[in-house]
Student: 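Questions regarding the structure given below will be posed in turn.
Below, all heavy atoms of this structure are taken into account, side chains as well, without hydrogens, waters or symmetry copies. For the single chain, residues carry numbers from 1 onward in sequence order.
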Amino acid sequence: MSDRTMARQVLLFIWFLSLSSALGQVSYSIPEEMAKGSLVGNIAQDLGLDLKRLKSGKARIYTGDSAEYIELNKERGVLLIKERIDREALCGQTTPCALHFQIILENPMQLYRVTVEVTDINDNAPMFSKAEMRFEINELSSSGARFPLERAIDHDVGRNGLQSYSLEPTDNFVLKFQNLPDGNKAVEMVLQTPLDRERKDHISLLLTAFDGGEPQMSGTMKIHITVLDANDNAPVCSQSVYKTSIAENSPKGTVLTTVSASDADQGSNGRISFSMSSTADKAADIFEIDPESGVVKLIGGIDYEIRKYYQTDVQARDEGGHTDSCKIIVDVIDTNDNSPTINIISKSSQISEDSKTGTVLAILNIQDVDSNESGKVNCHLNENVPFVIQSSPDGFYSLVTDGDLDREHESEYNISVTCADEGVPSLSSSVILSLQISDVNDNAPVFDKSSYEASVQENNTPGLSIFTVRARDADFNQNARVSYILEDSSVNGVPVSSLVSVSANSGVIHAVRSFDYEQIKDFQFRVKAQDGGSPPLSSNVSVKIMIQDQNDNAPQVLYPVQSGASVVAEIVPRSADVGYLVTKVVAVDVDSGQNAWLSYKLQKATDRALFEVGLQNGEIRTVRQVTDKDAVKQRLTVVVEDNGQPSRSATVNVNVAVADSFPEVLTEFTDFPHDKEYNDNLTFYLVLALAVVSFLFIVSIIAILSVKCYRWRRERMFYKSGANLPVIPYYPPLYADVGGTGTLQQVYNYEVCRTTDSRKTDLKYDRPCSESIISLDSSGTHTLTHAQRGKLTNEQFDDQQKPPSADWRFTQNQRPGPSGAAGTPEVAVGTGPWPNPPTEAEQLQALMAAANEVSEATNTLGPGTMGLSTRYNPQFTLQHVPDYRQNVYIPGSTATLTSNQQQPQQALPPPQAAIVAAAAQPEPPKAVQTPANKKKSTKKEKK
């Protein structure tokens, strides 16, 4: 190898290193045949990477289809020798010889290019393909005759390659070298001294080849020369160099060229034979030449990607031993015989659906070893996928997202990557990448309905399953796991959680307790469906539960009032005609619908032929004319039955006295026994009430004195402090400030009349406890002076201490008559208290008046309807029922008690219809006077 050639190789190597540095590559230079585990270089330091980055990024080496000679030690961040490197096997005669590979990092994906140059060492001695060569040389060969010799082969390159030859002995022959177009040297043995067969017919020479390595290595070949007699003309090739070309993948037997030569001799001395010498590129294994015709044919396979041209020597030799040589150069033409190769360097098998556009999914290395247009590759993806493939000049492609992903719309993609070259015809390759879309919590649960309604019968068992709400979440796995939560709310002041509960997993709504239709008819609440994502998403829905009524309440008899301690009888004069209204049984049923339809039947009677009961209205009337033979005491048992399934009933006993005078009735009913146990209980309750009242009286006195002392001290402090202190509004007890600060814009006062068991209590009149007499301005505040507060307190105590009015008498036109008769204009009821004291007869007459009015209201309804409330029948309106708060009727009397405040009060006559069984009856407590007649009573007391 000449110095000029070595200089060019050094310049080429320096240019390669500078180019690598400019491109940002890392380059190393190592000698061949290094032991396994030898250090190549500190790649982490040279790339400026942290060792943690190498570990977390799963750093690895990608070499493509080449063998891996270098390995990466991520613990130390260095490159080590993995396999012994033989430069001659790796690169042959190519210089410089380098390994090219890439280091791949993930999370995020990064790629670094590394070049490792493998320098040659003198590990191969020059060698000849033959151990010996034989020549037959005519003795007439002139000086300067040339005989080509087998060239030695040294796989090393550069200085370590073949450098020189020596030939011994040199008596007749010397060596000469000829430069070849490929840069090698052809070795020729030149005849320097004519041969003389007679002196020496056989010559043995030793050809030695030397390289330039340290230590120097050599190879030898023996040359045997046989001196022939008399052939003085050598063959001459027609061309010194034959050039031809052939397409790769051509079939065997293809003719490349024909070598021709001429010899001036005749006969056997002019017969020429051709032979092909062995070369380093093993062209003799691929081509052959016909010895006689010189036709060169293809006998092996050729591949442009393996070798682009071939060069071989052809020797023309006559039978006299004269030879000539020429060269054949074969250029290989590339064809599009290689489809693109797709190598997946790194890929993600799963990606989140909320990934941003441009997220890298995979890195591909796509190569086509063909040249020119056949090596240009274009890649595309299958249609309708939100991905694109991006290319780079060095054959690396990135698969990235090109739109929004939605797992609920498409949970998996099979991405087909197809790459085709531009050759004719075009060749293509494809690969399918499977990509799973992972779920994120981007969908809230959705209920099947916008609202739910369900019904449940009252008196249900606690824990009963009412119905189920369902919500669905389009997400996956944990994000789609729906939990149901009952939102906090209240129904009539009661937490809804005390009424129903909802199963967190199934959405089944259970009744927490037994429902009562009479207390609550329906209620609403909201159920929230929440998924298991992070953060969780939720939605809610309104649920309405309607309670269905059951016949679980028996009718309740309001009149006549049943008492075990006294006997109350209805008086029927013996002059009563047929159809005379004796009394009316008044009952109610708190159920609804047909469960509250009441019917009345006469179960027992002293004389069934005398009385009958209205089926719908409960009126007891005479069936026939009352005679003198009828017994004075008549006892009727009336059954009140509702229309439910099964029906429920109640019974009431009605005592009827058939007589014209009160003494006659009294005589018949005085033999009823009193309930001793009731009297004992009454005594006990009276003693207990006296003790409680005494205790409360003492406590009240102490409280009043404490309040007086407190007010006295506060007034003293107020007088001493002067007029600069702020005025603080004071509202006396039992008064409310309603001057625009509450929900009602004006004060409402209510008067309530009620009655209980006539044996134990009296008819009582309740006065409002929050009645206010304070005038308020627009700001809702008012200040009373100490004198005004004292006057107000005294008036309040006067109201409580004043006795009830005794001006309540019955006039003649208020004597017994038909129920509902109009009173005289002088009558005014509701403006004063009850008579002092009210007797049992008066209480009874008031209750009977209510019963008569209920009867009249019931008569306006058809069969199957009810008589007390419009909620029992939608067709029943308030216009059918008189206002019981305005009128009170007393059976057998023409008196009508009204609440008309405009009419003056008229005295009522003493009662005549009540019969008292117990003569020694304690006097009932006096009723409290109402505020309505406070001033009137005060004037009467003064008179």
Side-chain angles (χ1 to χ4, degrees), residues 353 406-409 411 439-553 589-596 643-645 869-876:
E353 64 175 323
D406 189 357
R407 192 206 65 83
E408 290 72 34
H409 180 263
S411 62
D439 185 48
V440 296
N441 192 25
D442 57 348
N443 291 278
V446 178
F447 284 94
D448 295 341
K449 300 179 181 179
S450 59
S451 63
Y452 291 87
E453 287 189 2
S455 61
V456 61
Q457 290 190 346
E458 64 174 335
N459 303 319
N460 59 287
T461 303
L464 175 68
S465 174
I466 301 177
F467 75 107
T468 303
V469 295
R470 291 191 181 277
R472 292 177 173 81
D473 197 312
D475 291 323
F476 178 70
N477 207 354
Q478 182 68 25
N479 295 330
R481 187 173 300 171
V482 180
S483 300
Y484 300 92
I485 303 172
L486 184 64
E487 292 190 350
D488 294 335
S489 61
S490 61
V491 178
N492 297 332
V494 178
V496 72
S497 59
S498 64
L499 301 178
V500 293
S501 66
V502 60
S503 175
N505 296 326
S506 62
V508 178
I509 295 179
H510 299 273
V512 175
R513 68 181 186 185
S514 180
F515 297 117
D516 188 356
Y517 177 83
E518 287 70 38
Q519 294 182 359
I520 181 172
K521 295 177 177 56
D522 61 70
F523 60 93
Q524 290 185 350
F525 56 92
R526 299 189 73 84
V527 175
K528 179 171 71 174
Q530 179 175 292
D531 59 26
S534 179
L537 301 178
S538 63
S539 61
N540 51 34
V541 69
S542 175
V543 179
K544 182 178 182 181
I545 303 296
M546 294 173 289
I547 313 301
Q548 294 181 348
D549 184 42
Q550 285 185 334
N551 191 24
D552 58 340
N553 293 280
D589 194 323
V590 295
D591 291 325
S592 64
Q594 67 177 5
N595 295 329
N643 197 34
Q645 293 295 331
S869 175
T870 58
R871 71 184 177 94
Y872 301 141
N873 192 339
Q875 287 77 23
F876 186 77

Student: Any idea which heavy atoms bring Ala474 and Glu408 closest together, and the distance?
Tutor: O-CG, 3.1 Å

Student: Ignoring hydrogens and geometry, is there a side-chain-to-backbone donor-acceptor pair from Asn441 to Pro535 under 3.5 Å?
Tutor: yes

Student: If you apply the rule salt bridge (charged side-chain N to carboxylate O under 4.0 Å, His left out), what do you find for Arg407 with Asp439, and how did you get there?
Tutor: CA-CA 6 Å; Arg407 192 206 65 83; Asp439 185 48; 3.1 Å; yes

Student: Between Asn553 and Asp591, is any side-chain donor less than 3.5 angstrom from a side-chain acceptor?
Tutor: yes

Student: So, does Ser451 use its side chain to make a donor-acceptor pair with the main chain of Ser542 at under 3.5 Å?
Tutor: no

Student: Is the closest side-chain heavy-atom distance between Asn595 and Asp589 below 4.5 Å?
Tutor: no

Student: Taking CG in Asn477 as the centre, count heavy atoms belonging to other residues, nucleotides or ligands within less than 6.0 Å. Is the count above 12?
Tutor: yes

Student: For residues Asp549 and Glu458, report the shortest heavy-atom separation together with the two atoms involved.
Tutor: OD1-OE2, 2.6 Å

Student: Please find the pair of heavy atoms, one from Ala471 and one from Tyr484, that lie closest to each other, and give the distance.
Tutor: N-OH, 3.0 Å

Student: If only side-chain N and O atoms count, and only distance matters, is there a donor-acceptor pair under 3.5 Å linking Asn443 with Asp473?
Tutor: no

Student: If you take all heavy atoms of Ala444 and Asp531, which pair is closest and at what distance?
Tutor: CA-OD2, 4.4 Å

Student: I'd like to check Val541 versus Lys449 (side-chain heavy atoms, cut-off strictly below 4.5 Å). Are they in contact?
Tutor: no

Student: Minimum heavy-atom separation for Val508 and Ser465, please, with both atom names.
Tutor: CG1-OG, 3.0 Å

Student: Taking the side chain as C-beta and beyond, is there a heavy-atom pair between Gln645 and Asn551 under 4.5 Å?
Tutor: no

Student: Would Ser489 and Arg526 satisfy side-chain contact (heavy atoms from CB on, under 4.5 Å), going step by step from the backbone distance to the final call?
Tutor: CA-CA 8 Å; Ser489 61; Arg526 299 189 73 84; over 6 Å; no

Student: Counting only heavy atoms not in Arg513 (residues, nucleotides, ligands), do more than 12 fall under 6.0 Å from its CZ?
Tutor: yes

Student: Looking at every non-hydrogen atom in both residues, tell me the closest pair between Ser501 and Val512 and how far apart they are.
Tutor: N-CG2, 3.6 Å

Student: Any chance you could measure Ile520, atom CD1, to Leu499, atom CG, to the nearest 0.5 Å?
Tutor: 5.5 Å

Student: Below 30° counts as parallel, above 60° as perpendicular, anything between as tilted: where do the rings of Phe523 and Phe515 land?
Tutor: tilted

